[in-house]
Structure formats: structure tokens, C-alpha cells
Amino acid sequence: DAGVIQSPRHEVTEMGQEVTLRCKPISGHNSLFWYRQTMMRGLELLIYFNNNVPIDDSGMPEDRFSAKMPNASFSTLKIQPSEPRDSAVYFCASSSLGLNQPQHFGDGTRLSIL
Amino acid sequence: KQEVTQIPAALSVPEGENLVLNCSFTDSAIYNLQWFRQDPGKGLTSLLLIQSSQREQTSGRLNASLDKSSGRSTLYIAASQPGDSATYLCAVPGDGRTYKYIFGTGTRLKVLA
């Protein structure tokens, strides 16, 4: 079975550039989560969707961050303009709908903003 | 505000040893607790999910217990193997019936052959 697929795996770009991270959840999963992991702050939830609708975006750090889920099989996390402090590993996860469903993570995108 | 603490931060044991990883949380009003494993350069793999009505869950050599009243969970690994080397994280919902999980900082485990 294909797991959660994220692209790109690595991204290096200069400050001020737009960055778009992509995620394909597991087929049939109705919940999708975007996380950020750093050494300083650990793993933090940025936003999550149920049935393609954003439910809680309180973890999105600034207006520079935006996320979309145009359909059940695709989501993007965009940073515009990017800053060096955005450097982190960004994970996408998906699960079946329901509060007691385990989350399945992708391998992440390692983002470096120079 | 929910806070999650994991002790120890790092652990190194010889192969074959049984070991216990600890997780504590400040708000006991949770509906579940999850244990994850993270290998270097990889995402998290869900190991066990314990619902609030349960006291423990088992999967192979792994056993997780939950004591909501004391705000504690333990992950027991029997007969550890070098392949168990990874970082183990626990996570609980931040508040109420939400998908917003708060993660501990993890225990980095190394099992020596």
C-alpha cells in the first residue's frame, strides 16, 4: 500500500522565495494534517483538514503560511515569502475520520531557507 | 494548557534487555494517547493508540499502559533488538475533542548489539 507521499524531499531556496510543499494522503483517509518539526520546538501541528475543509489553522505561524486541500487526494502548504526561520522538516499525515484513528506520516520535506 | 514530558531523553541498553519509556501529561481530560516511533530522516510511525477507556494496548513486543488519573503512560519494550533503535514519541490531544495533538520531545533509544 502506498503511504503518505510528500514532495519534494528536500528544498533549498533563498530568503524571499515562494515555497510550495505537496502531500498526497492515503486513499480513503478523510483527515489531513500538516506538522513542522524543529530541534527547538519539537513537532507542532500547523493545520488540519477534515473532508477537505480546514478545521483548525491556529498553529499556522504567520500570514506568510497558507494551506489548501482542493480535493481528497492532494494538499499544499505554501510559504510566501520564505524566511530563514522557516527552515525545518515539514510533515504531512493522514488518518481515517474519527478521534481515535492513528495518524500515518509521510517522510517529510526538509526545508532550508538561506 | 496541555504539556507532555518524556523521560529519559536518551537511553542506551544492551540487546535483549526489557525497557520502559515514560510519558507524562498535565491535563488528564484526554480521549486517547498515541505512541510513535521515528527513525532518522523519516516520518513518524504509529505504534499504539490507547483510548481513554482502555488501560493498555499490546502489539508484539510492545505494551503501552495508560493511567489517566495520574497523567502517565509507559511504553514497555520486551527483549529489545538493535532494530528497535529510534526515537519514541508520545502524543495526547491538546484540549477537548480535538485532533490537535501535543507531542513530547521523545526518548532517543539505542539498542547495542
Side-chain angles (χ1 to χ4, degrees), chain A residues 1-10 21 23-26 29-51 53-60 88-111, chain B residues 1-7 9-10 23 25 29-59 62 64 66 68 75 86-108:
Chain A
D1 287 341
V4 175
I5 299 173
Q6 292 187 245
S7 64
R9 288 298 316 277
H10 303 273
L21 310 182
C23 175
K24 177 179 170 57
I26 292 173
H29 281 185
N30 300 104
S31 296
L32 183 139
F33 309 82
W34 281 102
Y35 290 91
R36 179 171 68 175
Q37 188 175 40
T38 62
M39 289 292 294
M40 289 295 295
R41 300 175 67 89
L43 196 64
E44 303 173 287
L45 178 67
L46 301 177
I47 185 172
Y48 75 87
F49 297 81
N50 283 347
N51 294 321
V53 176
I55 303 300
D56 187 338
D57 66 353
S58 59
M60 297 284 260
V89 181
Y90 290 81
F91 289 104
C92 176
S94 70
S95 74
S96 298
L97 199 61
L99 291 172
N100 284 312
Q101 299 297 324
Q103 295 183 18
H104 300 260
F105 281 70
D107 284 339
T109 294
R110 184 172 295 276
L111 178 64
Chain B
K1 179 186 173 186
Q2 182 73 275
E3 294 182 5
V4 182
T5 304
Q6 291 189 246
I7 296 173
C23 172
F25 46 94
I30 61 171
Y31 58 84
N32 69 37
L33 180 145
Q34 296 193 55
W35 281 96
F36 294 87
R37 165 185 176 142
Q38 186 173 27
D39 293 284
K42 297 287 188 179
L44 280 66
T45 300
S46 180
L47 298 173
L48 291 163
L49 184 151
I50 311 175
Q51 298 183 33
S52 60
S53 58
Q54 300 170 325
R55 292 196 63 87
E56 64 179 77
Q57 278 284 336
T58 298
S59 176
L62 305 179
L66 175 64
K68 278 183 56 178
L75 179 66
T87 296
Y88 292 80
L89 299 98
C90 66
V92 295
D95 59 80
R97 299 185 64 76
T98 174
Y99 289 78
K100 191 168 185 176
Y101 281 87
I102 306 299
F103 285 77
T105 52
T107 293
R108 192 168 61 253

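The analysis underlying the following values was restricted to heavy atoms, covering all of them including side chains, and did not include hydrogens, waters or symmetry mates. The structure displayed is predicted, hence computed values, not measured ones. Just so it is clear: chains get the letters A, B, ... in the order the sequence lines come, proteins before strands, and each one is counted from 1.
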| field | Portion of B:Leu49 that has a non-hydrogen atom of chain A nearer than 4.5 angstrom | value | side chain
| field | Atom group of A:Leu97 that falls short of 4.5 Å from chain B, counting heavy atoms | value | both
| request: Check each atom of A:Arg9 against the heavy atoms of chain B and say whether the ones under 4.5 Å are side chain, backbone, both or neither. | output: side chain
| note | If one checks every heavy atom of A:Gln101 against chain B at 4.5 Å, the contacting part turns out to be backbone
| remark: Cut-off 4.5 Å, heavy atoms of chain B, and the answer for A:Ser58 is both
| task | Would you please classify the geometry between the B:Tyr101 ring and the B:Tyr31 ring as parallel, tilted or perpendicular, with 30° and 60° separating the classes? | result | perpendicular
| For the residue pair A:Asp107 and A:Gln6, what are the closest heavy atoms and their distance? | N-OE1, 3.9 Å
| said: Do A:Leu43 and A:Phe91 have side chains that approach each other closer than 4.5 Å (heavy atoms only, starting at C-beta)? | reply: yes
| task | Considering only heavy atoms and a distance below 4.5 Å, find which of A:Asn50, A:Asp56, A:Val4 pairs most often with chain B. | result | A:Asn50
| Shortest non-hydrogen contact from B:Ile7 to B:Thr107? | C-OG1, 4.1 Å
| message | For A:Tyr35 and A:Gln103, which I'm curious about, is there any donor-acceptor pair between the side chains at under 3.5 Å? | response | yes
